[in-house]
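Presented below is the structure to which this report refers.
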Amino acid sequence: MKINNNTIFSCTNCDAQYTKWAGRCLECGKWGTIMETKKEAPKSQHENAQNYAPIKTSGLDEIESKKAERMKTNIEEFDRVLGGGLVKGSLILLGGEPGIGKSTLALQLAAIIPDTIYLSGEESIEQIKLRAERLDIKSSGLQVGNATHIENIIATIRQKEPLPKLAIIDSIQTLFSEEVEGEAGNINQVRACTVKLMELAKHSGVIIVLIGQVTKDGSVAGPKTLEHLVDAVLYLEGDKYHQYRILRTAKNRFGSTDEVGVFSMEAHGLQEVKNPSEAFLSGRGEAVPGSTITCLIEGSRPVLVEIQALVTKTNFGYPQRRVSGFDLNRLQVLIGVLTRRAGLPLDSYDVFLNVVGGLEAGEPAADLAVMLALASGLKNKTLPQNIASFGEVGLGGEIRPVSHTEKRLNEIKKMGFEFAVIPQTKNLPQIAGLKIAPVKNVKELVERIVEK
Ligand code: TYD
Ligand code: MG
């Protein structure tokens with residue numbers, strides 16, 4: 001069969017490309033979205049070069065160096081994540097699952113920065129007013145409006161006198177441009193509207209915060225596809241049913257991407273959590289078997305969290321393993337190591353593992369505490385309340401050092417723990433007022449810490 005190279009078929013919803021037409025897109029599953037697009041036969045490079053004027057380039061030394069102009073928001077956790085405040089003329093994408101608190105955070109920002117305009121396609125202005133009342137926001141010159149039409153939005157912002165300092169657009173999924181085909185939310189619309197907003201930010205100097213929904217299955221037309229189009233991408237994460245929210249940077253043209261901000265969702269909106277360890281340990285009850293504390297590094301800050309394991313005899317069939325805030329595969333591996341290297345019969349027990357507070361313990365440093373929690377849960381023996389631990393566990397059962405040892409130990413000390421169980425190394429760190437219990441492998445860990 002001869003394939004005609006000048007014709008391709010692409011999906012207007014997800015941009016997948018095909019050589020043949022089909023009724024249903026194989027990528028996104030939508031019906032009737034595949035359209036024919038013609039490719040122009042490419043001209044020769046030589047022919048093309050004569051039609052265009054060359055651009056002017058400058059020597060690096062001739063360019064005046066300009067520092068990005070930043071505006072502080074007074075929400076310290078937010079400023080830190082951005083690398084020191086909002087940069088003039090930047091486009092920031094604020095992503096997160098529905099209901100996580102994006103509109104709340106945006107409205108709180110809007111209330112702080114004078115001359116802000118908040119345009120929503122998600123809620124009516126009455127709903128925004130209700131939220132503002134809940135957040136205790138007094139007028140503060142904030143302008144709100146309903147809009148979904150991007151050309152209108154741009155006209156509104158451009159024609160304001162004076163120009164707003166900050167514009168919040170809620171959300172990218174509701175925007176549409178009349179210059180682009182397709183309904184709001186499809187990939188072409190989402191891209192075109194984002195590009196237009198980027199242009200607006202760059203030309204007018206207005207800071208634009210664009211809200212985008214991400215769904216659990218990582219929907220196609222979500223923030224993921226926009227990351228390369230904007231200056232910074234922030235994700236508000238957390239568990240809807242827990243109070244804590246973490247603000248992370250996935251991309252930042254004006255700063256680093258490893259800072260995180262911690263917030264707690266209260267009746268009056270998002271509050272900054274200045275001391276995350278204290279917050280995550282605050283609900284800790286009486287000592288129970290299977291519970292222990294570890295120290296994670298979130299961004300550049302150490303955070304203490306509680307790890308809980310519930311270990312119960314398997315009644316029939318295959319033992320169950322369930323996790324919340326921890327990687328299931330990693331748990332399987334750790335269970336395997338504990339069974340084989342320390343001789344604990346976990347293969348006939350169900351295991352449920354939980355990282356308290358809705359935090360995600362993705363670091364290998366959490367391994368050691370998970371081992372302790374599992375062994376303590378299995379043996380039904382409570383661990384001392386005054387210990388915290390961290391370290392990576394290898395397949396041989398060996399316990400390996402992790403990064404930021406001193407930082408973690410200082411945090412453990414600061415939060416009032418007396419003992420730190422850490423990997424055995426040549427030069428053990430010394431922290432005044434904190435006793436260090438070094439361990440070489442999981443067998444020793446179980447014998448010395450759990451069984452003693
Ligand atoms: P919202 O900002 O609407 O989420 P998103 O824009 O990300 O979809 O916040 C939704 C949740 O936050 C909602 O379930 C109610 C809760 N909430 C509070 O707990 N306190 C508050 O002050 C506000 C405004 C919302
Ligand atoms: Mg919202």
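Order of listing sets the numbers, starting from 1, for every ligand and every atom in it.
The pair Glu237-Arg248 meets the salt-bridge criterion, since a charged nitrogen lies less than 4.0 angstrom from a carboxylate oxygen.
Looking only at protein heavy atoms, the nearest one to atom 2 (O) of ligand 1 is Thr104 OG1, 2.5 Å. The protein heavy atom nearest to atom 18 (C) of ligand 1 is Arg134 NH2, 3.2 Å. Scanning the protein for heavy atoms near atom 19 (O) of ligand 1, the closest one is Met265 CG, 3.3 Å.
Short contacts between ligand 1 and Pro98, defined as distances under 4.0 Å to a heavy atom of the residue, involve ligand atoms 8 (O). Atoms of ligand 1 found under 4.0 Å from any heavy atom of Leu135 (numbered from 1 in listed order, with element): 22 (O), 24 (C). Interface atoms of ligand 1 facing Gly269, defined by a heavy-atom separation under 4.0 Å, are 20 (N), 21 (C), 22 (O). For ligand 1 and His268, the ligand atoms under 4.0 Å from any heavy atom of the residue are 22 (O). Within the listing of ligand 1, atoms 7 (O) sit less than 4.0 angstrom from a heavy atom of Glu97. Less than 4.0 angstrom separates some heavy atom of Glu266 from each of these atoms of ligand 1: 18 (C), 19 (O), 20 (N), 21 (C), 22 (O).
The parts of Lys102 lying near ligand 1 are both backbone and side chain, judged by heavy-atom distances below 4.0 Å.
Checking only distances, Gly99 does come within under 3.5 Å of ligand 1, N or O to N or O.
No close placement of the Phe263 and Tyr244 rings is indicated, their centers lying 6.0 Å or farther apart.
Annotation for Gln320: atom CD counts as buried by contact number, over 12 foreign heavy atoms lying within 6.0 Å. More than 12 heavy atoms of other residues, nucleotides or ligands lie within 6.0 Å of CD in Glu272, so this atom counts as buried by the packing criterion. Other residues, nucleotides and ligands contribute more than 12 heavy atoms inside 6.0 Å of the CZ atom of Arg330.
Distances from ligand 1 to the non-hydrogen atoms of Glu122 include no value under 4.0 Å.
For atom 13 (C) of ligand 1, the protein comes within 4.0 Å by no heavy atom at all.
With Phe390 as the aromatic partner, Arg408 meets the cation-pi criteria of under 6.0 angstrom to the ring centre and within 45 degrees of the ring axis.
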